[in-house]
Amino acid sequence: MTSFERALKKRVLTAATAAFATALFAAACGGGDEDAPTTSSESAEQAAEFNDADVHFAQMMIPHHEQAVDMADLADTRAGSEVQALAEEIRAAQGPEIEQMETLLDAWGAEVEHGMDHSQMDGMLSEGQMTQLEAAEGEDFDTLFLEFMVLHHEGAVDMARTELADGVNPEARELAEEIIAAQEDEIEQMNEMLGVEEPGVEESGVEESGAQGPGGDAADDNDDHSGH
């Protein structure tokens with residue numbers, strides 16, 4: 001065999017090896033593409049899974065968060081620096097969560113119920129309480145803001161726990177867990193700012209809220225002026 005023939009044979013073998021490797025690579029890529037749609041489909045089905053509890057959670061939590069943002073907006077011109085910083089954190093967290101829940105409701109074909117009366121929702125402030133907060137400034141505003149926001153957060157935590165107990169949508173449940181973790185931390189922070197050792201607000205000057213909480217009925221039993 002001449003040197004030319006040996007070189008030609010080597011070139012043919014090299015080309016054949018390269019072609020075989022290319023074929024194996026293409027087959028591997030093709031196999032991955034076949035599996036991908038199944039995985040994506042399963043993920044989509046899981047994300048689309050929801051029930052009435054998920055819908056109720058999103059529909060109620062949106063106006064609940066919106067009121068918290070309104071309260072935070074008031075702090076811009078009325079609060080001291082410490083409360084202003086806390087209010088900004090609340091606004092920065094709850095604004096995107098509102099958008100997330102609106103997106104979920106849209107995907108589920110459910111309406112965002114802005115026009116409903118939410119005054120009896122856990123933690124929601126009454127019109128009178130919001131007016132009281134709007135009229136306050138300085139230290140008075142700081143105290144009212146913290147007292148009201150503790151109640152507001154406690155209501156949100158209760159709503160999120162209900163979602164974890166009854167909801168099935170993975171994204172909504174994950175959001176509920178994030179709300180509980182973040183707002184329980186903020187409740188502790190606000191109680192420290194108020195000088196309150198135990199969770200909750202015990203100030204007699206705080207007006208009735210739509211959120212009665214677990215102890216609301218007991219308080220009504222001791223007072224004859226219950227309006228609920």
Would you check if Gln84 and Asp76 make a side-chain contact, meaning some heavy-atom pair closer than 4.5 Å?
no
Determine whether more than 12 heavy atoms belonging to other residues, nucleotides or ligands lie under 6.0 Å from atom CD of Glu111.
no
Atom pair CG/CZ of Asp140 and Phe145 - distance to nearest 0.5 Å:
15.0 Å
If we only count heavy atoms from C-beta on, is the Glu184 to Val157 side-chain gap below 4.5 Å?
yes
Would you say the side chain of Met61 lies within less than 4.5 Å of the side chain of Glu163, judging by non-hydrogen atoms?
no
Do the side chains of Arg91 and Asp70 get nearer than 4.5 Å, heavy atoms only?
no
Interatomic spacing from CD in Glu177 to CG in Leu175 - rounded to 0.5 Å
9.5 Å
Any heavy-atom pair between the side chains of Leu125 and Gln132 that's under 4.5 Å?
no
Is there a side-chain contact between Glu154 and Gln183 in this structure, where contact means two heavy atoms from C-beta onward sitting under 4.5 Å apart?
no
If you take all heavy atoms of Ala75 and Ala87, which pair is closest and at what distance?
CB-CB, 3.6 Å
Heavy-atom count around Gln189 CD within 6.0 Å, excluding the residue itself: above 12?
yes
What distance separates Phe57 CZ from Arg161 CZ, expressed to the nearest 0.5 Å?
12.5 Å
Less than 4.0 angstrom from a charged side-chain N to a carboxylate O is my criterion; do Arg173 and Glu49 meet it?
no
Rounded to the nearest 0.5 Å, what separation is found between the CD atom of Gln129 and the CE atom of Met71?
8.5 Å
Just how far is it from atom CE of Met101 to atom CG of Asp54, taken to the nearest 0.5 Å?
12.5 Å
Distance only, no hydrogens: is a donor on one side chain within 3.5 Å (strictly under) of an acceptor on the other, for Glu66 and Gln94?
no
Return the set of residues passing side-chain contact (heavy atoms from CB on, under 4.5 Å) with Asp166 (not counting sequence neighbours), or none when no residue passes.
Ala53, Thr162
To the nearest 0.5 Å, what is the distance between CE on Met159 and CE on Met124?
8.5 Å
Donor-acceptor contact below 3.5 Å, side chain Asp142 vs main chain Gly80
yes
Near Glu178 CD, under 6.0 Å, is it more than 12 heavy atoms from other residues, nucleotides or ligands?
yes
Using side chain to side chain donor-acceptor pair (under 3.5 Å) as the criterion, list what pairs up with Glu186, not counting sequence neighbours.
His153
Indicate yes or no: at least one non-hydrogen side-chain atom of Leu151 is less than 4.5 angstrom from one of Asp122.
no
Heavy atoms, side chains only, cut-off 4.5 Å: are Ile180 and Leu164 in contact?
yes
Taking only residues two or more places apart in sequence or in another chain, which ones pass ring pair (Phe, Tyr, Trp, His ring centres under 6.0 Å) with His64?
His152
